[in-house]
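Here's the structure, in structure tokens; my notes come after.
In this text, all values refer to a predicted model and were calculated from it rather than measured experimentally. In what follows, chains are A, B, ... by sequence order, proteins preceding strands, each numbered from 1.
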There are 2 protein chains.
Amino acid sequence: MANRASKSQASIVEVATLADVSTATVSRVLSGRRTKDDEIAARVRKAAAELNYSVNYAASALRSDVTNTIGLVIPTASDNFSAGLLDALEPIVDDDSRQLLLGIGADEATQIDRIDALCSRKVDGLIAVTSAGADLSRVFDKYADTIPIVQVGGRQRSFRTNMVSIDENTAMEAIIRHLAEQGVHSVAYLAGKEVSFESAELFAMFHTQVRAAGLTTDSDWNRFGDRTVSRGFDCTIRLFGERGHPDAIVCADDTIAFGVMMALHALGMNVPEDIKVVGYNDSPIASASLPTMTSVRPPYAQIVSESLRLIESGPGHPSHVSLPPQLVVRVSSTRR
Amino acid sequence: MANRASKSQASIVEVATLADVSTATVSRVLSGRRTKDDEIAARVRKAAAELNYSVNYAASALRSDVTNTIGLVIPTASDNFSAGLLDALEPIVDDDSRQLLLGIGADEATQIDRIDALCSRKVDGLIAVTSAGADLSRVFDKYADTIPIVQVGGRQRSFRTNMVSIDENTAMEAIIRHLAEQGVHSVAYLAGKEVSFESAELFAMFHTQVRAAGLTTDSDWNRFGDRTVSRGFDCTIRLFGERGHPDAIVCADDTIAFGVMMALHALGMNVPEDIKVVGYNDSPIASASLPTMTSVRPPYAQIVSESLRLIESGPGHPSHVSLPPQLVVRVSSTRR
DNA sequence: GTGAAAGCGCTAACAT
DNA sequence: ATGTTAGCGCTTTCAC
């Protein structure tokens, strides 16, 4: 508010002068590295506020090797999971008066490049959402004992980094149990194509859970394929050209489920009365569809808090955390 | 590749020693601030590579006041426009061996907070996608003559920052001309609700262009509302309960258009034979829908290059650039 | 608990 | 064109 606003920027020296203490004291008070909270502390804070002081992060980083930045690498921002994670991570990072450095890389080479760039900026921690099939173990190992790294999802290839994965098995179990409770007897599964979140493993889990719940499925119903609306549409049309059809269709992505619902509509079938549909990833489309779609919500908040906790614990003690997603039950799967 | 890999990090002094030159020369060579490219330059680069040297950005920033970072503030990552911009911006920033600092803020207070945080980090430039109705003029003005700021979209409230806006009028003209060419006579418009990209102005442009092209519309057809699938669905159902209906429906967002297409399907109408549909923002859903959807693609690449160009020109010379989006013609609007 | 002073790694000014 | 040197603003010993 002062009239010196146009002056470049107040430094710690000016604050110290105004508060009539040493720069060391200012530094200690402002960074909370001081025991008492007495009159001196108040004076320092007052002076800092008056001068509209904020630390010079470059100087601070140079001296202390703490940059107050967290690096995040994602395959693309136009992906529900990455976007959801970004939205969940940013406020937490920022509330800690840290800053988020973002790297985007779809292929292995670009991801490696971004991780290199971020690490040479000396981020205090790195979170990487690995894309389908990328092998980042070498670059991870390169920095593993300098910077705490957290790999989110994907296949773990480096055992020197932390890993936060999503417990898809629990999710699948929740889906199947929920469907069984709604009176479903037979289920189809439209899997994803990419290896990213282990489509194949999910597929295996589906079979296990279906059997465990005493439901039935048919190998002709279940196919791998793209995560697109038209794929869901096509598969469903084909499904109903065959002899029998399931009571429910579980999809590896909301987009597929959306195509399924469109096709069912076209076929004159009602969701959820005639057939139930479950999506995956709880994208905006799930709550916007008609009827609203039951989906599986990745545990964004927990992924973020666990990742930051692992980063806090520093490099060199890699551990693996598996988090259960949440089944968001909406209209498309409920008995009416 | 050297066996000294585990050693913390090579500094410029070690590079200088190995290359047998001064640190100043190393700095000059590596930053390209040197005229000749002789044997000395080669020696320096070789030494740097051998020691796996990379500059300490904190030290560099402290000394030179250039941080090699660009700040970006968006309302949310779960928004097609912001995600598209992010994906377009990141590689360009990175290729320049700069880094992207991201701030996310949905409401005015949070946006201001993020802009403050980024600017006190002394980013070399700030790009802000302003959210609906937020007034950021004060915080913009606070930094306007220190840091080059580019406002993308939204309503311009500060005339001390650069502005990159999307020429919606040209987009609307292209849509209406295209529809007229496809034999359309009457058009409905489902507008957005939020003030963000000037729904009202777009609405006015729609009327202007419809009249200019000699087409007709009906005030009962055109409504403001949410950018959701169900809104598009409901509006369409209601539309066809009335006496007449249009040959085409233009929507302020792909999501709305998607709901429209679902409703038309339910009503037994064929797109594009019976009625044509045009969306907006060219989200992934536009190319994944059935039939594929004609939409308007924001000029991401141009927004990015213009923004960076304006940042390059430094603070204090605010200018306004308006960029025409591209009409992506797909099946939903073409004569068959 | 506080202050004085060293120095993080780099670049810009100045001198050669 | 290159080298020498000061110093960016901060944190952290080290004294007291």
Side-chain angles (χ1 to χ4, degrees), chain A residues 7-45 47-48 51-69 97-99 119-124 146, chain B residues 7-45 47-48 51-69 97-99 119-124 146:
Chain A
K7 261 295 188 197
S8 58
Q9 186 62 17
S11 86
I12 200 172
V13 181
E14 306 174 47
V15 177
T17 309
L18 183 58
D20 196 32
V21 292
S22 72
T23 59
T25 301
V26 174
S27 175
R28 288 192 268 250
V29 169
L30 262 32
S31 64
R33 214 179 305 85
R34 186 168 172 281
T35 35
K36 287 198 294 188
D37 189 353
D38 53 7
E39 190 265 337
I40 290 184
R43 222 164 65 210
V44 169
R45 269 191 285 270
L51 295 171
N52 197 20
Y53 170 79
S54 66
V55 292
N56 181 321
Y57 287 94
S60 172
L62 176 57
R63 182 59 230 240
S64 68
D65 268 330
V66 174
T67 55
N68 277 299
T69 56
S97 67
R98 288 167 149 178
Q99 211 57 53
C119 287
S120 59
R121 287 254 172 193
K122 298 189 199 300
V123 291
D124 295 337
T146 315
Chain B
K7 261 299 189 194
S8 59
Q9 185 64 16
S11 89
I12 199 172
V13 182
E14 308 176 44
V15 177
T17 308
L18 182 58
D20 197 31
V21 291
S22 74
T23 60
T25 300
V26 175
S27 175
R28 288 191 270 250
V29 170
L30 263 30
S31 65
R33 214 181 306 89
R34 186 166 172 282
T35 33
K36 290 197 292 189
D37 189 355
D38 52 7
E39 189 264 337
I40 290 184
R43 223 165 62 211
V44 168
R45 270 190 285 270
L51 296 171
N52 196 20
Y53 171 79
S54 68
V55 292
N56 180 320
Y57 287 95
S60 171
L62 176 59
R63 182 61 233 239
S64 68
D65 268 330
V66 174
T67 57
N68 278 297
T69 56
S97 67
R98 286 167 149 180
Q99 210 57 54
C119 288
S120 59
R121 285 253 173 193
K122 300 188 196 301
V123 290
D124 295 337
T146 315

### Query
If we fit an axis to the first five pairs and another to the last five of the helix from C:dG1-D:dC16 to C:dT16-D:dA1, what angle do they make, to the nearest 10°?
30°
#### Entry: Heavy-atom closest pair, residues A:E14 and A:A10
OE2-CA, 3.6 Å
### Task
Starting at OG1 of A:T69, measure out to NZ of A:K122 and round the result to the nearest 0.5 Å.
11.0 Å
### Task
Spell out protein contact along nucleotides 10-16 of chain D as letters: B when the base is contacted, S when just the sugar-phosphate is, - when no protein heavy atom is under 4.0 Å; keep the 5' to 3' order.
BBBB---
### Query
Can you tell me how far CG of B:N68 sits from CZ of B:R98, rounded to the nearest 0.5 angstrom?
6.5 Å
### Query
In Å and rounded to the nearest 0.5 Å, what is the OG to OH distance from B:S64 to B:Y57?
11.5 Å
### Message
What's the separation between atom CZ in A:R121 and atom OG in B:S97, rounded to the nearest 0.5 Å?
### Response
7.5 Å
### Query
Taking CG from B:L62 and P from D:dG7, how many angstroms apart are they, rounded to a whole number?
14 Å
### Task
Report yes if some heavy atom in the side chain of A:S54 is under 4.5 Å from a heavy atom in the side chain of A:Q9; otherwise report no.
yes
### Query
What's the spacing between A:I12 CD1 and A:T17 OG1 if we round to 0.5 Å?
10.5 Å
### Query
Between OG1 of B:T67 and CG of B:L62, what distance do you get to the nearest 0.5 Å?
12.0 Å
### Query
Do A:S11 and A:N56 have side chains that get closer than 4.5 Å, going by heavy atoms?
no
### Matching residue for A:V15 among A:V21, A:V29, A:L51 - test: side-chain contact (heavy atoms from CB on, under 4.5 Å)
A:L51
### Query
Along DNA chain C, 5' to 3', what are the outermost nucleotides having an atom less than 4.0 Å from a heavy atom of chain B?
C:dG9 to C:dA13
